[in-house]
Engineer: 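Handing you a structure now.
Labels below follow one simple rule: chain letters A, B, ... track the order of the sequence lines, proteins then strands, and each chain is numbered from 1.
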2 protein chains.
Amino acid sequence: MDDLKKLQLIFQTLSDYNRLGIIRFICERESSVGEIVKATKLSQPLVSHHLRVLKENGILETKRNGPFIFYYIRDKRILDAINLFQELFKNSDIKDRTSSKFCSGWIISNHNNKTKEDRQ
Amino acid sequence: MDDLKKLQLIFQTLSDYNRLGIIRFICERESSVGEIVKATKLSQPLVSHHLRVLKENGILETKRNGPFIFYYIRDKRILDAINLFQELFKNSDIKDRTSSKFCSGWIISNHNNKTKEDRQ
DNA sequence: CATCCATATAAAAGGTTGTTTATATAAATA
DNA sequence: TATTTATATAAACAACCTTTTATATGGATG
């Protein structure tokens, strides 16, 4: 696939408010669909749809545990890249130049996608 | 503005194939609209439209020189961030793992947006 | 095996965005 | 000032994407 086309798909995947919210929630720890629905207050089908888009485009991966399906960030460096954009555009508004990161947990994450003990 | 909303706008701005093509062309050296039209083979109004979107969202800035308007990357680190995404998703296809960068000129660029001598 | 819970899928509606076509502005020049 | 060149703007249309509503799948448990 064309380099430009690949980049376009990545950015398109990240260009949705709700998907970014899902990523930010998941980046702390892998989560089941139900947990994401509760956290984001979006409808279950809508969350499922966005999760599919994120998975199909290489942002997330899944792991089944009984009836639950856990989603997690495929490569934690994706969070670094998102953080980089946030840093670059932090001062595009005059006010609010707090240095809050997109995902506060990303620095201490081990960057090798180890999964925690199973949660229900 | 909401952090997530700001990120969403950045990614939305970058999620268009033609806009990425324009950025890649401009990143070598600032260019007039006519030069971009020639290089991308897009219509002039379409190029003008995309340039406006890129400018309004903080990717590009402009400089007038007579009847010509030159567009250039506001902050060269934006190219680094785009390159980072390209690196991260380089191996999502099996074949083609060449290490071509989004913008080949970005490493030696001075990162302070100095403009070259005027071109017609 | 029937029921319940968790998640996925499909179809339809609505809004947003990219593109084209046509026209306007603005600077330079004769 | 009339004309040419460079760029911007506006309106209209089509295509795409998000969201909702409704339904299906699939595992667990009684």
Side-chain angles (χ1 to χ4, degrees), chain A residues 2 4-26 29-57 59-72 118-120, chain B residues 2 4-26 29-57 59-72 118-120:
Chain A
D2 184 358
L4 242 47
K5 181 69 186 166
K6 208 183 294 180
L7 271 174
Q8 186 244 306
L9 285 176
I10 297 163
F11 290 131
Q12 182 173 260
T13 303
L14 297 174
S15 71
D16 181 88
Y17 187 90
N18 289 330
R19 283 200 285 272
L20 288 173
I22 290 172
I23 294 172
R24 193 173 56 179
F25 177 71
I26 286 184
R29 57 172 179 73
E30 57 180 25
S31 309
S32 68
V33 179
E35 290 172 323
I36 298 166
V37 168
K38 244 184 264 174
T40 60
K41 293 171 182 165
L42 302 173
S43 73
Q44 179 269 316
L46 184 53
V47 168
S48 268
H49 166 71
H50 284 314
L51 288 172
R52 172 139 90 126
V53 173
L54 288 166
K55 184 181 181 183
E56 283 178 348
N57 288 282
I59 310 287
L60 303 182
E61 284 182 354
T62 57
K63 193 180 67 168
R64 177 181 279 277
N65 188 348
F68 299 89
I69 297 182
F70 287 89
Y71 283 81
Y72 57 94
D118 296 336
R119 269 165 281 114
Q120 67 156 344
Chain B
D2 184 358
L4 242 48
K5 182 66 186 168
K6 209 182 293 183
L7 270 175
Q8 185 243 306
L9 285 176
I10 297 164
F11 290 131
Q12 181 173 259
T13 303
L14 296 174
S15 71
D16 181 87
Y17 187 90
N18 288 330
R19 283 200 284 271
L20 287 173
I22 289 172
I23 294 172
R24 191 172 58 180
F25 178 70
I26 287 184
R29 56 174 179 72
E30 58 180 24
S31 309
S32 69
V33 178
E35 290 172 323
I36 299 166
V37 167
K38 245 184 263 173
T40 60
K41 294 171 181 165
L42 302 174
S43 73
Q44 178 269 316
L46 185 52
V47 168
S48 268
H49 166 71
H50 284 313
L51 288 173
R52 173 139 90 127
V53 173
L54 289 166
K55 184 181 181 182
E56 284 178 348
N57 288 282
I59 310 288
L60 303 182
E61 284 181 355
T62 57
K63 192 180 67 164
R64 179 180 278 275
N65 187 349
F68 299 89
I69 297 182
F70 286 89
Y71 283 80
Y72 57 94
D118 296 336
R119 269 166 282 112
Q120 67 154 344

Engineer: Which of the following nucleotides, dT20(D), dG27(D), dA8(D), is nearest to the side chain of Ser48(B)?
Structural biologist: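 Taking heavy atoms from C-beta onward, the closest nucleotide is dA8(D).
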
Engineer: Whole angstroms only, please: what is the CZ-P distance between Arg52(A) and dT7(C)?
Structural biologist: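 That distance rounds to 16 Å.
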
Engineer: Separation of Leu46(A) atom CG from dA13(C) atom P, in whole Å?
Structural biologist: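 These atoms are roughly 18 Å apart.
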
Engineer: Gln8(A) has an atom CD; how far is it from atom C1' of dA15(D), in whole Å?
Structural biologist: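 In whole Å, dA15(D) C1' and Gln8(A) CD are 13 Å from each other.
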
Engineer: What is the distance, rounded to the nearest whole Å, between atom CG of Asn65(B) and atom P of dA26(C)?
Structural biologist: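 Asn65(B) atom CG is separated from dA26(C) atom P by 18 Å.
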
Engineer: Ignoring hydrogens and angles, tell me if any N or O in the side chain of Arg24(A) forms a donor-acceptor pair with the backbone of Ile26(A) under 3.5 Å.
Structural biologist: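 No; judged by distance alone, with no hydrogens or angles, the pair does not exist.
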
Engineer: For dA6(D), take OP1 and OP2 only and decide whether either is under 4.0 Å from a side-chain N or O of Tyr71(B).
Structural biologist: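 Answer is no, no contact under 4.0 Å.
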
Engineer: Which atom names give the shortest non-hydrogen contact between Tyr71(B) and Thr62(B), and what distance separates them?
Structural biologist: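 Between these two residues, the closest heavy atoms are CE2-CG2, 3.1 Å.
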
Engineer: Can you tell me if Arg19(B) touches the phosphate of dG18(C), counting only side-chain N or O atoms and a distance under 4.0 Å to OP1 or OP2?
Structural biologist: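 It does, given that an N or O in the side chain of Arg19(B) lies less than 4.0 Å from OP1 or OP2 of dG18(C).
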
Engineer: Given atom CG of Leu51(A) and atom P of dT7(C), what is their separation to the nearest angstrom?
Structural biologist: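 Spelled out: CG on Leu51(A) to P on dT7(C) is 10 Å.
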
Engineer: With the side chain of Phe68(B) defined as its heavy atoms from C-beta on, choose the nearest nucleotide among dT7(C), dT7(D), dG18(C).
Structural biologist: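 When the side chain of Phe68(B) is considered, dT7(D) is the closest of dT7(C), dT7(D), dG18(C).
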
Engineer: For a quick check of understanding: with a heavy-atom distance under 4.0 Å over all strands, which category does Tyr17(B) fall into, base, sugar-phosphate or nothing?
Structural biologist: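 Tyr17(B): no heavy atom of the nucleic acid under 4.0 Å.
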
Engineer: Keeping Ser48(A) on the side-chain end and Pro45(A) on the backbone end, is there a donor-acceptor pair under 3.5 Å?
Structural biologist: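 Not confirmed, Ser48(A) side chain does not pair with Pro45(A) backbone.
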
Engineer: Here's a test of your reading of the structure: between Pro45(B) and Arg64(A), which maps to the more 5' nucleotide of DNA chain D?
Structural biologist: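 By nearest-heavy-atom nucleotide position, the 5'-most residue is Pro45(B).
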
Engineer: With a 4.0 Å cut-off, would you call Lys63(B) and Glu30(B) a salt bridge?
Structural biologist: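 Salt bridge: yes.
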
Engineer: Figure out the CG/C1' separation between Asn18(A) and dC17(D), and round it to whole Å.
Structural biologist: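 The answer, rounded to whole Å, is 13 Å.
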
Engineer: Using atom types as modelled and distance alone, determine if a side-chain donor or acceptor of Arg19(B) lies under 3.5 Å from a backbone N or O of Thr13(B).
Structural biologist: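 Yes, because the side chain of Arg19(B) sits within donor-acceptor range (under 3.5 Å) of the backbone of Thr13(B).
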
Engineer: From CD1 of Ile69(A) over to P of dA28(D), roughly how many Å is that when rounded to an integer?
Structural biologist: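 It works out to 11 Å between those atoms.
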
Engineer: Please check: side-chain N/O of Glu35(B) versus main-chain N/O of Ser32(B), any donor-acceptor pairing under 3.5 Å?
Structural biologist: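 A pair under 3.5 Å: yes.
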
Engineer: Closest to the Val33(A) side chain: dT19(C), dT7(C), dT18(D)?
Structural biologist: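 Of dT19(C), dT7(C), dT18(D), dT7(C) is nearest to the side chain of Val33(A).
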
Engineer: By nearest atom, which of the nucleotides dG18(C), dA8(D), dT18(D) is closest to the Asp16(B) side chain?
Structural biologist: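 Looking only at side-chain atoms, Asp16(B) lies closest to dG18(C).
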
Engineer: Could you check whether His50(A) gets within reach of a base, just the sugar-phosphate, or nothing at all, counting any heavy atom under 4.0 Å?
Structural biologist: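 The residue His50(A) makes sugar-phosphate contact but no base contact.
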
Engineer: Among dG18(C), dC17(D), dA22(D), find the nucleotide with the atom closest to the side chain of His49(B).
Structural biologist: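 So the nucleotide nearest the side chain must be dG18(C).
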
Engineer: Any donor-acceptor pair under 3.5 Å between the side chain of Gln44(B) and the base of dA8(D)?
Structural biologist: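 Answer is yes: a donor-acceptor pair is held.
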
Engineer: Look at the side chain of Ser43(A) and decide which nucleotide, out of dA8(D), dT7(D), dT20(D), has an atom nearest to it.
Structural biologist: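 Side chain of Ser43(A) sits closest to dT20(D).
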
Engineer: Atom CZ of Phe11(B) and atom C1' of dC17(D): how far apart are they, to the nearest Å?
Structural biologist: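 Taking CZ of Phe11(B) and C1' of dC17(D), I get 18 Å after rounding.
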
Engineer: Look at the side chain of Pro67(A) and decide which nucleotide, out of dA8(C), dT19(C), dG27(D), has an atom nearest to it.
Structural biologist: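 So the side chain of Pro67(A) is nearest to dG27(D).
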
